[in-house]
**Student:** 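Pasting a structure here, questions to come.
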Amino acid sequence: MLGPSGHLDTFARDNLPPPDQWPEIRLDGFDYPEWMNAGVELTDRMVERGFGDNTALIGNGRRRTYKELSDWTNRIARALTEDYGLKPGNRVLIRSANNPAMVACWLAATKAGAVVVNTMPMLRSGELSKIIDKAEISIALCDTRLMDELVACAKESRFLKQVIGFDGTANHDAELDRAALNKPVRYEAVKTGRDDVALLGFTSGSTGVPKATMHFHRDILIIADAYAKEVLDVTPDDVFVGSPPLAFTFGLGGLAVFPLRFGAAATLLEQATPAKMIEIIETYKATISFTAPTAYRAMLAAMDAGADLSSLRIAVSAGETLPGPVFDEWVKKTGKPILDGIGATEMLHIFISNRLGDSRPACTGKPLTGYEAIVVGDDMNEVPRGTIGRLAVKGPIGCRYLADDRQEDYVKDGWNLTGDSFVEDEDGYFHFAARSDDMIVSAGYNIAGPEVEAALLKHEAVLECAVIGVSDEARGTIVEAHVVLAKGAEPGELMVKILQDHVKAVIAPYKYPRSIVFTEALPKTESGKIQRFRLKQKPSA
């Protein structure tokens, strides 16, 4: 079933799920050599193809060409193997904000045959230690500005032996940089198999022991050759910008894999606020953006104040379902498409998406070529179109958890169950309803929180909102909306009634929020995703 391996340390392959627990993997149309290194394909191979002088990475005030990136990663790979004893198959953790040095470290470790674990800079030592223990990580590469938590973690860890600092700024003055500087720019990358694990993606939604998703060298190329090629139609003239951390597979795809696969440029921001993104778009004439709907709302407001986003040809929205009102306003103001899609860490990236020339509000789109999606009931039988059910997906990539009993929850009968509730319409388009555990059942009615949010967002007084279900003695659960009001709007009982009446007029009246909580800000992840579970932990109004 699996091809040959170039790993000396067999930990990753040894801890793949048993074959009978795998989803069905469909590789038709995705043909790669038996021996392949994704790090080489995104650097050296691009130089061979004539892209050496093209800009690959922009960040911290510098541009780096494909030739510079190739040389840089070869030097780091040499340092890792020759000075630090990295062996193919060893797990390497990388801790950094989004910057060119982080991308270089990821590619270099991949070239050296490592299994890379990219982590968010916000994580603390306790969270890092769970990841290190789960993946038995022995080497960590860390931006020297973020060393404290990792050093503290290493003191207590039975696995982590080396924490090597690199300079995430443009100065290149840290231990790893100095070691790499003395190395030749030529490096013969480790001969890895296309079925060797290259990446462990830890899921952001995990509680307790974290789940690690296992992705092969071929998978890294598949997401580019599927989504980026088919949906984005990337060319070497494109310039990517975005907010998701590279530690999220959404960010790694959109801000590293996709541009590098096609000779395009990636702009990297350590603090990817909407204001910073606007500045980058205006400065470098970015053409493709990746961020969450909340950021697009902020960018729309900035356009009213004079921001020039005319260089963007595509806005990609994911991480959070795209409300219909944001879709409508973006298209109206820019005349350009905003493409909603859905992906999962388990699937590595987006697998259902709107397309250029085929996008519509409140719709996630259709499966990519090579993927199949259906909506099923609890019995895994497909439900009639127009009925809410659980989304099930098959394709060239699927869930493989690292040594985890929860594999059997995610994969059923060969299908990946993403944990999302969807509706497929009569024309084969998929519409997000809610996360399966976020469906609100109130007095016997099924209510999808995102639908209520979209209705609220149509009111001019609402800047942002998030809807959750809260316990209620009479109805079991009621809909509660947490609302950030627009400037000039006054919270109070009158505003509660105005918004409730508005929702009743826009969607079925039984779906209106019986409780409204006004707040200054909503809790969010680094990528801008609203953390509804934190709202559920708060006492309701």
Side-chain angles (χ1 to χ4, degrees), residues 243-244 250 274 289-304 309 312 314-334 336-343 350 352-354 359-365 388 391 420-423 425 429-435 438-440 447-469 479-486 489 498-500 502-508 511-513 516-519 521-525 527-532 535:
S243 64
F250 177 50
S289 66
F290 278 77
T291 192
T294 48
Y296 285 121
R297 287 183 70 84
M299 289 160 75
L300 284 165
M303 287 175 68
D304 291 338
L309 306 184
L312 285 180
I314 301 174
V316 177
S317 177
E320 182 95 357
T321 192
L322 178 67
V326 179
F327 176 100
D328 290 333
E329 191 179 354
W330 183 270
V331 173
K332 180 181 174 185
K333 278 190 179 172
T334 69
K336 308 282 181 63
I338 183 166
L339 302 181
D340 197 8
I342 184 168
I350 293 171
I352 294 176
S353 179
N354 280 283
S359 60
R360 51 187 75 182
C363 175
T364 312
I388 292 178
L391 183 67
D420 300 287
S421 293
F422 264 78
V423 175
D425 67 24
Y429 290 88
F430 286 80
H431 303 260
F432 179 79
R435 286 291 295 171
D438 281 342
M439 284 296 292
I440 301 165
I447 302 169
E451 185 183 12
V452 183
E453 291 169 6
L456 282 164
L457 286 169
K458 286 181 177 173
H459 197 284
E460 60 186 11
V462 178
L463 181 65
E464 287 186 305
C465 64
V467 164
I468 60 172
V479 174
E480 179 175 274
H482 291 248
V483 173
V484 179
L485 290 173
I498 288 170
L499 293 180
Q500 288 176 330
H502 165 75
V503 172
K504 289 177 186 176
V506 173
I507 56 178
K511 299 176 182 178
Y512 84 94
I516 294 181
V517 178
F518 297 110
T519 182
L522 298 171
K524 294 174 188 167
T525 65
S527 61
K529 199 173 183 177
I530 297 169
Q531 296 174 307
R532 289 171 181 76
L535 296 175

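Not measured: the values here are computed from a predicted model.
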**Student:** Flag the pair Glu480 / Ile516 as yes when at least one side-chain heavy-atom distance between them is below 4.5 Å, and no otherwise.
**Tutor:** no
**Student:** Minimum heavy-atom separation for Lys336 and Trp330, please, with both atom names.
**Tutor:** O-CD1, 3.5 Å
**Student:** Looking at every heavy atom in both Ile507 and Lys511, which two are closest together, and how far apart are they?
**Tutor:** CD1-CB, 3.8 Å
**Student:** Would you please name every residue forming a side chain to side chain donor-acceptor pair (under 3.5 Å) with Asp340, sequence neighbours left out?
**Tutor:** none
**Student:** Answer whether the closest heavy-atom distance between the side chains of Asn354 and Cys363 falls below 4.5 Å.
**Tutor:** yes
**Student:** Please name the pair of heavy atoms, one in Thr321 and one in Pro323, separated by the smallest distance, quoted to 0.1 Å.
**Tutor:** O-CD, 3.2 Å
**Student:** For a quick test of reading the model, state the closest non-hydrogen atom pair linking Ala521 to Thr519 and the distance between them.
**Tutor:** O-OG1, 3.1 Å
**Student:** Would you say the side chain of Asp304 lies within less than 4.5 Å of the side chain of Lys333, judging by non-hydrogen atoms?
**Tutor:** yes
**Student:** So which heavy atom on Leu535 is nearest to which on Pro523, and how close?
**Tutor:** CD2-CD, 3.7 Å
**Student:** For residues 452-469, tabulate all N or O donor-acceptor pairs below 3.5 Å that involve a side-chain atom, not counting sequence neighbours.
**Tutor:**
from	atom 1	to	atom 2	distance (Å)
Glu453	OE1	Arg532	NH2	3.0
Glu453	OE2	Val467	N	2.7
Glu453	OE2	Arg532	NE	3.1
Glu453	OE2	Arg532	NH2	3.1
His459	ND1	Ala461	N	3.0
Glu464	OE1	Lys524	NZ	3.2
Glu464	OE2	Lys524	NZ	2.6

**Student:** Just so I know, are the side chains of Phe250 and Ile350 near enough to count as touching, which here means a heavy-atom distance under 4.5 Å?
**Tutor:** yes
**Student:** With a 4.5 Å heavy-atom cut-off, do Phe327 and Ser359 have their side chains touching?
**Tutor:** yes
**Student:** Search all heavy atoms of Ala292 against all heavy atoms of Ser243 and return the closest pair with its distance.
**Tutor:** N-OG, 4.4 Å
**Student:** Just verifying a value: how many Å separate Leu312 CG and Ser289 OG, rounded to the nearest 0.5 Å?
**Tutor:** 4.5 Å
**Student:** Can you find a pair of side-chain heavy atoms, one from Lys332 and one from Asp328, that are under 4.5 Å apart?
**Tutor:** no
**Student:** What distance do Lys504 atom NZ and Gln500 atom CD have between them, rounded to the nearest 0.5 Å?
**Tutor:** 6.0 Å
**Student:** Within 45 degrees of the axis of the six-membered ring of Tyr429 and under 6.0 Å from its centre: does Arg360 put its NZ or CZ there?
**Tutor:** yes
**Student:** Would you say that Asp420 contacts Phe432 through its side chain, given a criterion of any heavy-atom pair below 4.5 Å between the two side chains?
**Tutor:** yes
**Student:** Nearest 0.5 Å, what's the NE2-OG1 distance between His431 and Thr364?
**Tutor:** 7.5 Å
**Student:** Applying side-chain contact (heavy atoms from CB on, under 4.5 Å), run through Phe422 and Ile388 and close with a yes or a no.
**Tutor:** CA-CA 6 Å; Phe422 264 78; Ile388 292 178; over 6 Å; no
**Student:** Hey, could you give me the CE/CG distance between Met303 and Leu300, rounded to the nearest 0.5 Å?
**Tutor:** 6.5 Å
**Student:** Find out whether Val479 and Tyr512 are in side-chain contact, i.e. whether some heavy atom of one side chain is under 4.5 Å from a heavy atom of the other.
**Tutor:** no
